[in-house]
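Taking it in order: structure first as structure tokens, then the write-up.
Not measured: the values here are computed from a predicted model. Counting begins at 1 with the first residue of the sequence.
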Amino acid sequence: MSSTLTLPAETGAGRHAVVPRRRTRVLALPEARWAVAALVLFLLALPLYLTGAPAWSWGALFAAVYVTGGWEPGWAGLRALKDKSLDVDLLMVVAALGAAAIGQALDGALLIVIFATSGALEAIATARTADSVRGLLDLAPATATLVRDDGGEESVPTDALRVGDTILVRPGERIGADGRVLDGASEVDQATITGEPLPLAKETGDEVFAGTLNGTGALRVKVERDASDSVIARIVTMVEEASGTKAPTQLFIEKVEQRYSLGMVAATVALFVVPLLFGAALQPTLLRAMTFMIVASPCAVVLATMPPLLSAIANAGRHGVLVKSAVVMERLGQVDAVALDKTGTLTEGVPQVTDVHPLAGSGLSEAELLRLAAAVEHPSEHPLARAVVDAARTRGLGIPPVEDFTSAPGTGVTATVAGRSVTVGSPARLLTDGTHQAVAVAAGLEETGRTAVLVVADGTPVGVLGIADRLRAEAPAATTALERLTGTAPVLVTGDNPRAAARLAREVGITDVRAGLLPQDKVAAVRELERAGRKVLVVGDGVNDAPALAAAHTGVAMGRAGSDLALETADAVVVRDELATVPTVIALSRRARRLVVQNLVIAAVFIAGLAVWDLVGHLPLPLGVAGHEGSTVIVGLNGLRLLADGAWNRARA
């Protein structure tokens, strides 16, 4: 029997609970403020320039446009140049200054405004991605009431709490730390963390999480994790790590960008110097060279990759799937085989009473048998005992008081109920007569993958209970969706016994079942699939799943009841334990990859078309600027499409 306690599964509306969203104001971003300032100054200067006002009036305004819109990218470009890297931002500023130097102040200012606006859009996209992460931090209170050793109380910052401290949580307050209830009873709303639709009853020994909302009772909670290691903190850390990573496509583009930029500068110099050597006029030659440098700059190519992937990460995060990096988001779309763990993944990970069998001659009904067993199991903390008690409560059965409770590890528990000595435990330990009818009943339950529990009253077996881990309601649909996406049915890899694994596999439509596996055996199963040329996604939650999660092409952990090791090892975490989100995030990843390809095609078409126009014809500088920066804006906005909830809904469908 397992001794691992897990939380009850979420159902109903709780599955759609989302983290409160905190949006960054656009003007809170410096890039946006400088872009707006440059645009306003440009709009003030434009009518003066067009109406023939004195040069000092519009000239000063255009100069201010160059400063407000160009100083940040120019400074960033100089820093990159110091590190022997040629930055596209610097090329744009140089092109604008070159245009001004030959009397095209309007064209240069327009370039600065459009380029600053493009940078602001990129900054807004990045901020929107980070908003979904920072929203998690709003859940945790800033202070908590610490109970001192002398019984006094003190308000302290939550980040000052340490493991072993005791805090008091009053009615209506948010819990300040992950811990376990020492005293008190209440109902706690955990929807934003675990997705349960209704507040959960909490009493002594129950686990609670930082940021969840206490109900009408007071709780004394023993802190079990530092603030930096709480569920919220771990989630935030994992998602923040995503913003610092680049997808393989992006890394390739960055390698090509340096060589491309150097080649572009060389081509620009040649386009300027060679005609001059053959007697061309200075101003039109310089203008053509500057136009070429602008339209050939790879800004749109550089921006083609990250916006779709970061937008997909943000969208998945809002729906309870925390993808650790853009690399992972890209890899999710490549999987073509899936290996699923059983307990805690396809099932809820919580034992449930499935069968109640009074024995012939016992004189007990199902309700009476369950009430008797629940009374004896009530003082026990064993997971199977909790299942029996919960089953009785679910049926509305009153649980009578007991006396003389004793527990024998590996055998069962005994207590006196209304003058009768009742024992509940393992049939193998309690049955001495191999021909008793209880033997056949227990064997029948175990044959179907259930755990049999025998009830004995005054030395006589009176009934058998069947207990099993309940299948997640969405498991059959999720496995079907995974098969449709990958083209092959998922594989079940579990350490559970073959009978239980086979029973569950039939319920979800899995035919490839590998049961009784040790951790190294799960790794071997993944390696076998990879040797067949498959890119394997492993979904699991326990310590024994961690090696397979690490060995797989991509690993996804069920986050609510997942072990710390599994959460750290996995590439993505399903926070609210919705198995149905796994195929959805795969589909979302594939949409992101398609958008990356679309963006690269759009960027290449614009660059090639404008460059050829400038080389074989006469491309006006304002039109070149508008075309180049327009392509940058287009690919940026195209990537932001995946931020919308509609993108998630389409992926789910």
Side-chain angles (χ1 to χ4, degrees), residues 1-3 5-9 11 185 187 198 200-206 348-433 436-446 448-471:
M1 293 183 184
S2 170
S3 60
L5 279 172
T6 53
L7 296 173
T11 56
E187 291 184 337
L198 299 174
L200 294 179
K202 296 292 182 180
E203 54 189 22
T204 302
D206 288 339
E348 296 174 351
V350 180
Q352 307 280 340
V353 174
T354 58
D355 302 89
V356 181
H357 293 293
L359 296 178
S362 66
L364 298 176
S365 65
E366 288 188 9
E368 290 169 339
L369 176 62
L370 185 57
R371 183 188 298 111
L372 195 64
V376 179
E377 294 280 29
H378 187 264
S380 173
E381 288 299 320
H382 194 283
L384 298 186
R386 296 296 89 204
V388 175
V389 173
D390 290 344
R393 287 175 173 166
T394 300
R395 299 191 185 193
L397 304 178
I399 300 177
V402 300
E403 298 175 346
D404 305 324
F405 174 84
T406 59
S407 175
T411 300
V413 293
T414 302
T416 301
V417 184
R420 303 178 71 184
S421 176
V422 180
T423 300
V424 180
S426 167
R429 297 292 183 88
L430 297 178
L431 282 173
T432 57
D433 182 3
H436 197 282
Q437 60 174 313
V439 175
V441 175
L445 291 172
E446 291 171 352
T448 59
R450 291 165 171 79
T451 297
V453 175
L454 181 67
V455 181
V456 179
D458 294 328
T460 302
V462 294
V464 182
L465 307 180
I467 299 178
D469 191 0
R470 187 166 60 189
L471 182 71

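- The two residues Leu471 and Glu348 have their closest heavy-atom pair at O-OE2, 4.3 Å.
- Under the rule for a salt bridge (charged side-chain N to carboxylate O under 4.0 Å, His left out), Glu368 has no partner lying at least two apart in sequence or in another chain.
- Note that NE2 of His357 and CD of Gln437 are 12.0 Å apart. Values are rounded to the nearest 0.5 Å.
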- What do the steps show when you test Asp355 against Arg450 for side-chain contact (heavy atoms from CB on, under 4.5 Å), and what is the final call? CA-CA 9 Å; Asp355 302 89; Arg450 291 165 171 79; 2.7 Å; yes
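- Shown here for Ala438 and Leu454, the closest heavy-atom pair between the two residues is CB-CD1, 3.9 Å.
- Minimum heavy-atom separation, Leu397 to Ala367: CD1-O, 3.5 Å.
- Counting heavy atoms from C-beta outward, Thr423 and Val376 have side chains that stay 4.5 Å or more apart.
- Using a 4.5 Å cut-off on side-chain heavy atoms (C-beta onward), Pro351 and Arg386 make no contact.
- Once rounded to the nearest 0.5 Å, the distance linking OG1 of Thr416 with CG of Asp404 reads 4.5 Å.
- For the atom pair OG1 (Thr354) and CD1 (Ile467), the distance works out to 8.0 Å, reported to the nearest 0.5 Å.
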- Message: I'd like to know whether Arg395 forms a side-chain contact (heavy atoms from CB on, under 4.5 Å) with Val356, so could you lay out the CA-CA distance, the side-chain angles of the two residues, the decisive distance to 0.1 Å, and finally the verdict.
- Response: CA-CA 12 Å; Arg395 299 191 185 193; Val356 181; 3.7 Å; yes
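- Remark: Thr204 pairs with no residue by the side chain to side chain contact (heavy atoms under 4.5 Å, CB included) rule, at least two apart or across chains.
- The heavy-atom pair separating Ala373 from Leu465 by the smallest distance is CB-CD1, 3.9 Å.
- Atoms CG and CD, on Leu372 and Glu377 in that order, are 11.0 Å from each other to the nearest 0.5 Å.
- Arg371 places no side-chain N or O within 3.5 Å of a backbone atom of Ala392 that could act as its donor or acceptor partner.
- When all heavy atoms are compared, the tightest approach of Ala452 to Val464 is CB-CG1, 4.1 Å.
- A distance of 8.0 Å separates CG in Leu359 from CG in Leu369, rounded to the nearest 0.5 Å.
- Of all heavy-atom pairs between Ala415 and Phe405, the closest is CB-CA, 4.1 Å.
- You'll find the side chain of Pro427 stays beyond 4.5 Å of the side chain of Val439, heavy atoms only.
- Here the OG1 atom belonging to Thr394 is positioned 7.5 Å from the CD atom belonging to Gln352, to the nearest 0.5 angstrom.
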